[in-house]
Amino acid sequence: MELHVTRWKRYGHDRLYANLPDRTAAGWADVTTRSITVLRAEYHDDVIAVLTQHLKKLTEPVSPDGAPGIAERPTLPPLTPADDLAVNPPGASLRDLLDESGPGLWERVIARVLRRTTEWDSWRKGLEGERRVGAELNRLGRHGWRVLHSIPLANKVDIDHLLIGPGGVFSINTKHHHKRAVWVGDDSVKVDYGKPAPYARKSRAEANRVVRVLERYCDFPVPVEPVLVFVGVSELKVVATQLSVRVYEERQVAALAPLSGVLTAGQVEQVYSVARHRQAWAHA
């Protein structure tokens with residue numbers, strides 16, 4: 001593959017970019033530190049070779065042993081259909097759980113006749129909630145946002161939705177509380193004024209988890225904000241004064257659409273290319 005190398009100096013940076021024929025960056029090198037970052041794993045060897053060659057042509061500081069130092073970030077293997085999370089519909093993890101461990105026909109009939117609430121009912125409610133929020137998020141695509149659903153993590157947990165766009169990255173947790181009143185304080189959530197639930201704390205921990213994964217593969221800071229979206233509630237009362245988690249009802253997520261100024265178009269695509277790769281999350 002023939003890569004075209006261009007030099008870019010701006011905002012205190014001095015870089016060499018290895019670009020594909022369509023001008024997409026496959027990798028770049030920091031001229032000062034002589035480190036190389038590969039953005040497209042399928043062109044790994046070509047990127048290293050061409051950027052190393054161009055670095056040698058420049059008069060730059062070298063390491064004490066006289067050899068330029070090339071520090072690479074970890075790279076992901078080429079994306080395959082089996083690893084592409086972009087195909088996941090909202091609620092995919094819950095749908096799989098119901099298909100694998102859900103009730104059979106007679107169990108459903110008996111539970112319905114006895115009006116017995118089961119764990120399966122909770123799974124079905126969660127599935128409906130994720131589908132409803134997912135539909136709202138998918139509408140943000142026309143504003144330059146990318147959306148992923150049901151991102152699997154280690155220990156059989158998942159991220160309900162991940163929204164990536166010019167306004168940053170948002171880790172979204174969906175809670176379906178049909179016709180119930182929800183009260184949100186600084187660090188706790190109460191449903192029908194019952195016992196406090198650790199929704200906010202868990203959302204912040206999930207966002208931190210996302211940051212660690214994305215910044216492992218991206219060459220720039222990736223801000224991730226936690227979001228709680230409540231579905232079907234009769235009332236949502238937010239009384240927090242220092243809450244570090246965004247809180248919305250399902251139809252209010254459209255408020256994220258005009259946010260901008262955090263990630264460039266190129267950074268959005270780089271974050272999205274990492275986030276959609278199943279193997280990026282394998283040990284998260």
Taking the side chain as C-beta and beyond, is there a heavy-atom pair between P74 and Y217 under 4.5 Å?
yes
Would you say V245 ends up clustered with V233 if hydrophobic residues are merged whenever their side chains have heavy atoms under 4.5 Å apart, either directly or through other cluster members?
yes
Please, which pairs that meet salt bridge (charged side-chain N to carboxylate O under 4.0 Å, His left out) have at least one residue in residues 201-216, sequence neighbours excluded?
D187-R204
When you measure from the side chain of H54 to the backbone of V50, do you find a donor-acceptor pair of N or O atoms at a distance under 3.5 Å?
yes
According to the ring pair (Phe, Tyr, Trp, His ring centres under 6.0 Å) rule, which pairs have a member within residues 155-175, sequence neighbours left out?
W145-F170, H149-H161
Worked check of salt bridge (Lys or Arg N to Asp or Glu O under 4.0 Å) between R124 and E128
CA-CA 6 Å; R124 279 191 285 267; E128 180 188 352; over 6 Å; no
Residues two or more places apart in sequence or in another chain: which of them pass salt bridge (Lys or Arg N to Asp or Glu O under 4.0 Å) with R40?
E42
Pairwise distance OG1(T32) to CZ(R15) - rounded to 0.5 angstrom:
10.5 Å
Interatomic spacing from CG in L162 to CG in L148 - rounded to 0.5 Å
6.0 Å
Indicate, with yes or no, if V274 and L85 share a hydrophobic cluster defined by side-chain heavy-atom contacts under 4.5 Å among Ile, Leu, Val, Met, Phe, Trp and Tyr.
yes
Within the 4.5 Å heavy-atom criterion, are I48 and D45 side-chain neighbours or not?
no
Does F230 reach the side chain of V247, with side-chain heavy atoms less than 4.5 Å apart?
yes
If I compare all heavy atoms of Y272 with all of V147, which pair ends up nearest, and what's the gap?
CE1-O, 4.5 Å
Drop me the distance from T174's OG1 to L127's CG, to the nearest 0.5 angstrom.
11.0 Å
Taking the side chain as everything from C-beta on, heavy atoms only, tell me whether V38 gets closer than 4.5 Å to Y43.
no
Let me confirm one number: the CG-CZ distance from L16 to R34, rounded to the nearest 0.5 Å.
9.5 Å
Using the rule that Ile, Leu, Val, Met, Phe, Trp and Tyr join whenever any side-chain heavy atoms are under 4.5 Å apart, tell me whether I172 and V210 fall into a single cluster.
no
Is there a path from I159 to V253 through hydrophobic residues (I, L, V, M, F, W, Y) whose side chains come within less than 4.5 Å of each other?
no
Measuring from D30:CG to D14:CG, what's the distance to the nearest 0.5 Å?
7.5 Å
Once salt bridge (charged side-chain N to carboxylate O under 4.0 Å, His left out) is applied, what residue pairs with a partner in residues 159-185 remain, sequence neighbours excluded?
R180-D192
Residue set satisfying side chain to side chain donor-acceptor pair (under 3.5 Å) with H176, at least two apart, ordered chain then number -> none
What pairs with D84 under salt bridge (Lys or Arg N to Asp or Glu O under 4.0 Å), at least two apart in sequence or on another chain?
R276
Any salt bridge (charged side-chain N to carboxylate O under 4.0 Å, His left out) pairs touching residues 252-271, not counting sequence neighbours?
R146-E269
Applied to residues 229-242, the salt bridge (charged side-chain N to carboxylate O under 4.0 Å, His left out) test, sequence neighbours excluded, yields none
Donor-acceptor pair, distance only, cut-off 3.5 Å: does the side chain of D83 make one with the backbone of H277?
no
Set of residues satisfying salt bridge (Lys or Arg N to Asp or Glu O under 4.0 Å) with respect to D186, sequence neighbours excluded
none
With sequence neighbours left out, the residues meeting side chain to side chain donor-acceptor pair (under 3.5 Å) with D158 are S93
Taking W183 as the starting point, is it possible to reach V191 by hopping between hydrophobic residues whose side chains are less than 4.5 Å apart?
no
Counterpart residues, side chain to side chain donor-acceptor pair (under 3.5 Å), relative to E249 (two or more places apart)
none
Going through the checks in order, is the side chain to side chain contact (heavy atoms under 4.5 Å, CB included) test met by N173 and Y199?
CA-CA 9 Å; N173 201 322; Y199 291 167; over 6 Å; no
Min side-chain heavy-atom separation V47-L39 under 4.5 Å:
no
Hey, can you pull the donor-acceptor pairs under 3.5 Å for the side chains in residues 219-229, sequence neighbours left out?
{"residue": "D219", "atom": "OD1", "partner": "W28", "partner atom": "NE1", "Å": "3.4"}
{"residue": "D219", "atom": "OD1", "partner": "Q270", "partner atom": "NE2", "Å": "3.0"}
{"residue": "D219", "atom": "OD2", "partner": "W28", "partner atom": "NE1", "Å": "3.0"}
{"residue": "E225", "atom": "OE1", "partner": "R246", "partner atom": "NE", "Å": "2.8"}

Rounded to the nearest 0.5 Å, what separation is found between the NE2 atom of H177 and the OG atom of S234?
11.5 Å
Nearest heavy-atom approach of S150 to N88 is O-ND2, 3.0 Å
